[in-house]
Amino acid sequence: MQKPRLVLIGNGMAGVRTVEELLKIAPDRYEITIFGAEPHPNYNRILLSPVLAGEMQVREIVLNELDWYAENGIRLHVGKEVVRIDRVARKVIASDGTEAAYDRLLIATGSTPFMLPVPGNDLAGVIGYRDIKDTDEMIDAATRYRHAVVIGGGLLGLEAANGLKLRGMDVTVVHLGPWLLERQLDEVAGRMLQKSLEDKGLKFLLQKQTEALLPGEGGRVAGVRFKDGMQIPAELVVMAAGIRPNYALAEKSGIYCNRGIVVNDTMQTYDPKVYAVGECVSHRGIAYGLVAPLFEQAKVAANHLASYGIGRYSGSVTSTKLKVTGIDLFSAGEYMGGDGTEEIVLNDPHGGVYKKLVLKENKLVGGVMYGDTADGPWYFQLLKDGRDIHEIRDSLIFGQSRVGDVGHAGKNKAAEMSDSAEVCGCNGVTKGCIVKAIKEKGLFTLDEVKKHTKAASSCGSCAGLVEQILAATIGGAYTPAASDKKPVCACTEHSHQTVRTAIRDLKLTSKEEVFSALNWSTVDGCDKCRPAVNYYLISTWPHLAKDDPQSRLINERSHANIQKDGTYSVVPRMWGGLTSPAELRAIADVAEKYQVPTVKMTGGARVDLLGIKKEDLPNVWADLNAAGMVSGHAYGKSIRTVKTCVGAEHCRFGTQKSMDMGIKLERMLFDMYAPHKVKLAVSGCPRNCAEAGIKDVGVIGVDSGYELYVGGNGGIKTEVAQFLCKVTSDEEVMEYAGAFLQLYREEGWYLERTCHYLERVGLDYVKGRIVEDEEGRKLLQQRLLDSLAHARDPWESSREPQPVKQFIPIVPITVDA
Amino acid sequence: MHHWKLICPLEDIPRQGSRIVRPQDGDDIAVFRTADDAVFALHDKCPHKGGPLSQGLVHGHKVTCPLHGWNIGLEDGQAVAPDVGHCDRFEVKVENGQVYLAL
Ligand code: SRM
Ligand SMILES: Cc1cc2nc3c(=O)[nH]c(=O)nc-3n(C[C@H](O)[C@H](O)[C@H](O)COP(=O)(O)OP(=O)(O)OC[C@H]3O[C@@H](n4cnc5c(N)ncnc54)[C@H](O)[C@@H]3O)c2cc1C
Ligand code: SF4
Ligand code: FES
């Protein structure tokens with residue numbers, strides 16, 4: 001049977017991305033033909049700026065080599081412009097007469113530079129800035145002529161001017177507005193930008209209206225004349241005064257257009273067989289001029305071309321970044337403000353920093369940053385997530401890095417980092433290496449960078465920094481997905497939230513059901529989604545869903561921490577940090593009997609036995625169990641420690657019995673699994689010797705009872721716990737702490753610590769559920785106790801015949817076979 | 001020349017899991033059983049920094065190393081791109097529910 005035919009007009013970024021997305025989900029569905037007017041395979045248009053600046057070569061910016069088309073069975077016609085679409089016969093015709101029939105047509109003809117309608121705009125040497133040809137012409141002009149004029153002081157114009165300057169030309173930027181980027185920046189910031197560009201040698205003529213381009217010898221442009229009579233020399237004029245969607249072809253064939261090819265939310269035109277994506281379309285009245293929204297459109301179009309029929313495009317918020325080395329400018333969303341908006345502005349002309357945040361109804365809707373764009377990606381994420389920011393409003397403008405990430409101290413300005421600076425401390429990845437991968441491999445997202453460079457793929461604390469580098473390298477092409485939309489992993493399109501909700505609402509109780517109900521693309525998932533799905537199943541349906549050990553990572557499967565040499569470390573629980581001579585004696589005996597090389601006090605106030613062979617684990621546990629000790633779960637996404645201070649039992653300042661309280665909490669939570677590990681601490685007075693301020697739940701005794709704190713973290717990013725409420729009795733501590741942890745267990749995303757969960761949902765929400773809703777709180781606490789009703793020491797249960805097998809190596813038997 | 005050695009009944013290897021085989025002479029070998037009941041054997045040493053692949057998470061015909069998360073193809077012992085590396089493989093077969101390994 002013949003496959004349906006798909007024809008793509010426009011071999012550019014949006015069109016080819018659609019084809020890529022389509023091949024990912026339905027590789028064999030269509031016979032594909034692509035027409036491209038340019039004589040090149042698809043390349044990364046946004047990197048024309050570094051090419052012009054001499055930082056990259058054209059061959060480095062190719063996204064899809066000719067081989068790619070061949071390997072995917074795509075018929076490619078380069079250098080052939082389609083001049084007619086015959087919608088009755090369903091075929092397209094190119095300028096050289098080549099025809100191709102279609103069942104589905106995809107139009108992605110991009111846009112064209114707007115050429116000012118002034119006399120002389122057709123002279124030689126007057127060009128737009130759009131493609132390789134224009135770029136080559138500029139590079140060539142720079143070797144032969146001296147004066148360049150760029151008309152238009154927007155992002156594109158400034159990048160063109162910067163490149164031409166770096167190639168040795170004398171460059172003047174002509175701009176109609178009162179200052180540069182007058183729509184993004186206010187006057188002060190606009191002048192700051194102008195100053196730094198002038199320092200690079202660029203000249204500016206503001207509030208100048210071009211009247212005519214003047215011819216010189218041989219019909220080439222020689223000068224520019226302005227309305228006020230002023231005249232300047234120019235052997236090269238670059239028009240960067242805006243772009244116009246390229247829809248003439250579509251309009252001529254009778255497809256409805258209105259300043260762009262009009263499409264609906266599934267990227268279909270008024271002719272349902274014809275789709276359109278990219279800069280040529282008008283969606284809900286908006287034509288986008290940046291890559292990120294086009295990629296979102298591409299995904300939706302591909303989905304519908306594949307007849308999956310899910311996914312709608314509902315418009316995008318965009319961000320941009322000026323790609324001029326050494327200058328930091330970032331803007332996002334509705335940076336202009338407007339009705340019902342408020343602005344927070346930080347302006348430090350001497351320090352060269354300007355920041356403006358636009359708020360509407362307690363949400364961030366736009367922002368501009370100049371000089372210090374380190375927090376750009378963070379703001380953009382807040383904006384996309386639509387998070388209520390009123391709790392952090394007073395410090396919002398100062399950015400996220402009030403509290404630094406450890407491990408790359410001080411280095412939180414991507415633009416200022418040298419190429420050799422280490423970004424990812426875990427995997428030793430430098431900035432240069434990341435920039436190179438982004439450019440050469442055509443990477444657009446954090447996940448792609450993680451995959452190709454390993455940066456941010458271990459502890460993840462450098463993810464923000466990597467996002468900044470991405471933004472700085474590819475400008476507005478970078479866009480984070482809204483947090484609640486990020487796919488769990490490459491096996492699925494669905495987010496953690498969708499998976500959690502589906503498990504609950506559809507009552508899914510096994511991973512097989514989840515994978516099939518949610519159309520997983522792999523048969524049995526991967527190392528990212530399996531542990532997550534397993535946790536969601538057992539936390540949502542505690543007694544129905546069966547735990548799947550094979551979906552747990554090794555530490556949880558072997559109830560011990562794997563070490564770099566493949567041995568394990570064993571940490572027995574010491575309730576509340578207390579131990580006894582008998583316990584210590586048993587530990588000492590085990591250490592001698594199994595020749596444990598290292599015995600150490602942990603940061604969690606208990607003893608670690610490091611370097612135990614896997615096959616010895618069951619015996620070590622048996623010995624420790626015999627002395628009354630159980631697993632400390634030092635290996636799990638589970639309850640870890642409840643640190644305590646000596647408290648009122650001994651301390652002269654103690655107001656509450658913190659050791660006793662700690663032991664009660666730890667016993668209540670024994671064997672509790674959670675989205676991530678959970679640590680508590682109880683201090684007997686505000687001197688807080690147990691460091692309750694950086695725990696998931698911190699309890700501080702005061703004369704009248706206890707203060708409860710939640711969402712602290714002492715790890716990668718130090719986060720001080722937030723005050724939840726004050727209670728008076730031990731029972732209340734257990735109830736509130738238990739309810740909070742159960743809420744986190746039910747709603748947290750896998751690998752989200754309580755601090756991240758709290759950041760996502762907000763403290764007000766948690767207070768609403770825990771402090772203000774007594775009945776809800778009691779129910780939460782009850783659900784926690786229910787799911788822990790059958791808690792068993794994993795050391796004991798793992799010594800039963802079936803599980804114990806995994807610890808014992810097999811010795812092969814000789815046979816004749 | 002293959003010398004087939006009897007390892008264990010197939011049931012003794014958990015599905016999507018593995019067992020370590022410890023020959024008298026030589027290094028540990030990891031024998032994997034995938035979700036579709038295929039059986040593979042690799043040298044129990046990750047090409048990255050020698051992590052014990054037998055302790056990894058098995059998905060599809062791949063295993064994720066427990067130490068730093070490289071993915072190794074079970075069919076050919078090759079690291080999955082972008083990582084580069086190779087791990088020795090051994091012939092295995094299942095007959096009458098028993099697993100045999102060629103040493
Ligand atoms: C043993 C111990 C270090 C020590 O010798 O003191 C330790 C050892 C490990 N920690 Fe830790 N952490 C230990 C206390 C801590 C503490 C301090 C504490 O608990 O009071 C922290 C900061 C507090 C906190 O978590 O908020 C801590 C923050 C981390 C983090 C960062 C977590 C974060 O959310 O930022 C990781 C990475 C992770 O979990 O993803 C980590 C991960 C690890 C792992 C499990 C890394 C791994 O996956 O292999 C280490 C295992 C080493 C090994 O070879 O066995 N460890 N780790 C401590 C065990 C405590 C215990 O008794 O259970
Ligand atoms: C110098 C420069 C810097 C940029 N920097 C950034 C940036 O930092 N961030 C960002 O997000 N965006 C940037 N952009 C914008 C970005 O490149 C565009 O948004 C994106 O390329 C648009 O994709 P598209 O597929 O719609 O159009 P294009 O990529 O232009 O592709 C359209 C293709 O269709 C071809 N075509 C047109 N008509 C026909 C026809 N009739 N027959 C056959 N082929 C035809 C064209 O020749 C072209 O190759 C930049 C653009 C330029 C020029
Ligand atoms: S024990 Fe913790 S801090 Fe120390 S090296 Fe391991 S993960 Fe890093
Ligand atoms: S040792 Fe296997 S990934 Fe590092």
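Every value quoted in this text rests on a predicted model; they were computed, and no experiment measured them. Convention: sequence-line order gives letters A, B, ...; per-chain numbering from 1.
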Is V31(B) in contact with chain A via its backbone, its side chain, both, or neither, using a 4.5 Å heavy-atom distance? neither

Counting C-beta onward and ignoring hydrogens, is there a side-chain heavy-atom pair between E615(A) and P809(A) closer than 4.5 Å? yes

Classify the angle between the aromatic ring planes of H48(B) and W70(B) as parallel (below 30°), tilted (30 to 60°) or perpendicular (above 60°). parallel

So which part of P549(A) gets closer than 4.5 Å to some heavy atom of chain B, the side chain, the backbone, both or neither? neither

Look at atom NZ of K451(A) and say whether more than 12 heavy atoms of other residues, nucleotides or ligands are closer to it than 6.0 Å. no

With only heavy atoms counted, which part of L67(B) is less than 4.5 Å from chain A, the side chain, the backbone, both or neither? side chain

Below 4.5 Å, heavy-atom pairs only: which of D524(A), I808(A), N555(A) has the largest tally toward chain B? D524(A)

Please look at D548(A) and chain B and tell me whether the side chain, the backbone, both or neither of the residue comes under 4.5 angstrom of a heavy atom of that chain. side chain

What do the steps show when you test W795(A) against V570(A) for side chain to side chain contact (heavy atoms under 4.5 Å, CB included), and what is the final call? CA-CA 11 Å; W795(A) 285 356; V570(A) 169; 3.7 Å; yes

Given the options Q563(A), H452(A), K614(A), K805(A), which has more heavy-atom pairs under 4.5 Å with chain B than any of the others? K805(A)

If you count heavy-atom pairs under 4.5 Å with chain B, which of P531(A), G525(A), P812(A), G566(A) comes out on top? P812(A)

NZ (K439(A)) with more than 12 external heavy atoms under 6.0 Å: yes

Please check if atom NZ in K5(B) has more than 12 non-hydrogen atoms from other residues, nucleotides or ligands closer than 6.0 Å. yes

Is a side-chain N or O of D527(A) found less than 3.5 angstrom from the main chain of L57(B), in a donor-acceptor match? no

F40(B) and H61(B): aromatic ring centres closer than 6.0 Å? yes

Identify which part of D83(B) has an atom lying under 4.5 Å from any heavy atom of chain A, answering side chain, backbone, both or neither. side chain

Please state whether the side chain, the backbone, both or neither of S558(A) comes within less than 4.5 Å of a heavy atom of chain B. neither

In terms of heavy-atom pairs under 4.5 Å, which option from Q55(B), Q24(B), R15(B) contacts chain A the most? Q55(B)

Quick check on V811(A) against chain B: is it the side chain, the backbone, both or neither that has a heavy atom closer than 4.5 Å? both

Against chain B, label R552(A) side chain, backbone, both or neither, depending on which of its atoms sit under 4.5 Å from a heavy atom there. backbone

Does any backbone or side-chain atom of N71(B) lie under 4.5 Å from a heavy atom of chain A? Answer side chain, backbone, both or neither. side chain

